[in-house]
There are 2 protein chains.
Amino acid sequence: MKSKRIPKATIGRLAVYVQVLESLRRDRVEVVSSEKLAQACSVNSSQIRKDLAYFGEFGVRGVGYYIQELITSIKRSLGIDRVWNCALVGVGNLGRALMKHRDIPRKGFVIKAAFDCDPDRIGLVIKGIEVMCLSRIKEVVPSLDVEVGFISTPPERAQRAANFLIEAGVRGIVTFAPARLEVPANIPVEYVDFSHHLYAVAFYINQEANKA
Amino acid sequence: MKSKRIPKATIGRLAVYVQVLESLRRDRVEVVSSEKLAQACSVNSSQIRKDLAYFGEFGVRGVGYYIQELITSIKRSLGIDRVWNCALVGVGNLGRALMKHRDIPRKGFVIKAAFDCDPDRIGLVIKGIEVMCLSRIKEVVPSLDVEVGFISTPPERAQRAANFLIEAGVRGIVTFAPARLEVPANIPVEYVDFSHHLYAVAFYINQEANKA
DNA sequence: CGTTGTGAAGAGCTTCACAGCG
DNA sequence: CGCTGTGAAGCTCTTCACAACG
């Protein structure tokens, strides 16, 4: 089981497991069975056992999973048991909010540099980070060991931002701009777009109405 | 095909199609084939044709899809061809950012009321909305025709917020709190959590590294 | 002729059911 | 005995391939 291709859906669920496990840990729970965890995450218990089995054998038969240990194991499996240095492109409202957002460093992602093209923004200092001209990215990213790029530009400038980030050497991108990006196959891109959730809730509300 | 169960994944993709179609419309493109649209969305072209076929026959054989018409049809299919009144619970940093976020009303979701428990926040006026005590929710939600609840509380207060919203009569919930909610089966819940995208990009970067 | 709409085949993911083990 | 880990079955979603049609 160790070396099979891991479903994309599994990765999404691991984030949920971590969230729920951390909440159990706050409540001083030490052990949990796949059945209990499954209920808290609203999934099937074999789903959980199978998801975890992709990465190793973390449970104890007849007992369950030790929570602290499991959190550590999942984080190691995902590669978030360390700090990832990030660079942000686009210092508008959203970009500034991201730079100030405490949860991002708390998850291990530290914004080390910020870039923009607008001369009014260059030179601003936000949370100790000075906003720089995008033209300096190729010198700054390697020197600060940045591996992840955040894009928070308007949609029409997102592709340009992606090109600069990749050219500068980032290995993956998280984009908040409502635009699809063209990138080499070896550069993972994650699209953060919560309008999709707004649409979904509207659709499912209508569906419930049609059912009744 | 009209009345089959619609895959959850289809709903997610429709949001992408709308995004790309709107960008094509900005560029004054009027017609697009499923093949062209597929490339722009990074999906297979039969996927697009099948997704659209769940809701009707929107294309013209030998020609493609008229973009303006298709956008309208998709929006009608999702139920976002109208305004949805929303109420927000939790007026911290995130809650205030949501209230000021222009894209939410632009998508047809209008925040009509905001609630919090903190006496320091009650009475604040943000974007013309006065923050009220959560105890008033049951009177306010029906009178303002609110159908959707937004939760932006800390995780430990999210369930309480959900209970209040549902009790007050909302039909669906979009939550930004990192916590799972227990709700009746007929109340759709959408979990907005971008930490999941941070985890995913880290995982896929590591996977690329192991490949090479 | 070109592109849609769709049954059928294929791939991938989820659930079942139980052997294996502490 | 209880709960995990996992092959096999079942199900859903995706892709193929082509008839239908403007």
Side-chain angles (χ1 to χ4, degrees), chain A residues 1-17 21 24 29-71 73-74 77 196 200 203-204 207, chain B residues 1-17 21 24 29-71 73-74 77 196 200 203-204 207:
Chain A
M1 180 68 97
K2 270 276 176 59
S3 64
K4 273 183 68 181
R5 223 188 113 279
I6 293 155
K8 221 176 129 68
T10 291
I11 303 305
R13 280 190 300 267
L14 289 177
V16 176
Y17 303 159
L21 289 166
L24 288 169
V29 185
E30 296 192 347
V31 185
V32 71
S33 67
S34 60
E35 187 55 45
K36 282 269 171 57
L37 183 56
Q39 275 164 22
C41 301
S42 313
V43 302
N44 180 293
S45 66
S46 5
Q47 184 74 83
I48 291 190
R49 296 198 297 278
K50 190 142 285 204
D51 284 341
L52 296 177
Y54 284 115
F55 299 99
E57 304 201 359
F58 302 137
V60 181
R61 288 161 204 244
V63 179
Y65 300 88
Y66 290 97
I67 289 179
Q68 176 55 60
E69 207 177 293
L70 184 55
I71 292 172
S73 301
I74 295 177
S77 303
H196 141 204
F203 174 74
Y204 290 116
Q207 203 169 250
Chain B
M1 180 68 97
K2 270 274 176 59
S3 63
K4 273 183 66 180
R5 222 187 111 281
I6 293 156
K8 219 176 130 68
T10 292
I11 304 305
R13 281 190 300 267
L14 289 177
V16 175
Y17 303 160
L21 287 165
L24 288 168
V29 185
E30 296 190 347
V31 185
V32 71
S33 68
S34 60
E35 188 53 46
K36 282 268 170 58
L37 183 56
Q39 275 164 21
C41 301
S42 314
V43 300
N44 181 293
S45 66
S46 6
Q47 185 74 82
I48 292 190
R49 297 199 296 279
K50 190 142 286 201
D51 283 340
L52 296 177
Y54 284 115
F55 299 98
E57 303 201 0
F58 303 136
V60 181
R61 287 163 204 245
V63 178
Y65 299 89
Y66 289 97
I67 289 178
Q68 176 55 59
E69 208 177 292
L70 183 56
I71 292 172
S73 301
I74 295 177
S77 302
H196 141 204
F203 174 74
Y204 290 116
Q207 202 169 250

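Just so it is clear: chains get the letters A, B, ... in the order the sequence lines come, proteins before strands, and each one is counted from 1. Keep in mind it's a predicted model, so treat the numbers as computed, not measured.
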To the nearest angstrom, how far is [X] atom [atom1] from [N] atom [atom2]?
X: Phe58(B); N: dT6(C); atom1: CZ; atom2: C1'; answer: 16 Å
X: Tyr54(B); N: dT4(C); atom1: OH; atom2: C1'; answer: 16 Å
X: Glu57(A); N: dC3(D); atom1: CD; atom2: P; answer: 18 Å
X: Gln47(A); N: dT14(C); atom1: CD; atom2: C1'; answer: 5 Å
X: Asp51(A); N: dT15(C); atom1: CG; atom2: P; answer: 10 Å
X: Tyr66(A); N: dT4(D); atom1: OH; atom2: C1'; answer: 13 Å
X: Ile11(B); N: dT14(D); atom1: CD1; atom2: P; answer: 12 Å
X: Ile6(A); N: dT14(C); atom1: CD1; atom2: P; answer: 13 Å

Does Ser46(B) reach a base, just sugar-phosphate, or nothing at all? Heavy atoms under 4.0 Å.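 The residue Ser46(B) makes base contact.
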Can you tell me which nucleotide in dT3(C), dC13(C), dG7(D) comes closest to the side chain of Ser33(B)?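 Selected nucleotide: dT3(C).
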Worked check of side-chain contact (heavy atoms from CB on, under 4.5 Å) between Val43(B) and Leu37(B): CA-CA 9 Å; Val43(B) 300; Leu37(B) 183 56; over 6 Å; no
As an exercise, state the distance from CD of Gln68(A) to OG of Ser73(A), rounded to the nearest 0.5 Å.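 It is 9.5 Å, given to the nearest 0.5 Å.
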Which heavy atom in [X] sits nearest to a heavy atom in [Y], and how many Å separate them?
X: Phe58(B); Y: Ser77(B); answer: CZ-OG, 4.0 Å
X: Val32(B); Y: Leu24(B); answer: CG2-CD1, 4.1 Å
X: Phe203(A); Y: Phe55(B); answer: CE1-CE2, 4.0 Å

N/O donor-acceptor pair, side chain [X] with base [N], under 3.5 angstrom:
X: Lys8(A); N: dG12(C); answer: no
X: Arg61(B); N: dT3(C); answer: no
X: Arg49(B); N: dG5(C); answer: yes

Considering just the side-chain nitrogens and oxygens of [X], establish if one lies under 4.0 Å of OP1 or OP2 belonging to [N].
X: Arg13(B); N: dC13(D); answer: no
X: Ser34(A); N: dC3(D); answer: no
X: Tyr65(A); N: dG5(D); answer: yes

For DNA chain C, whose closest nucleotide is more 5', that of Pro7(A) or that of Gly64(B)?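 Result of the comparison: Gly64(B).
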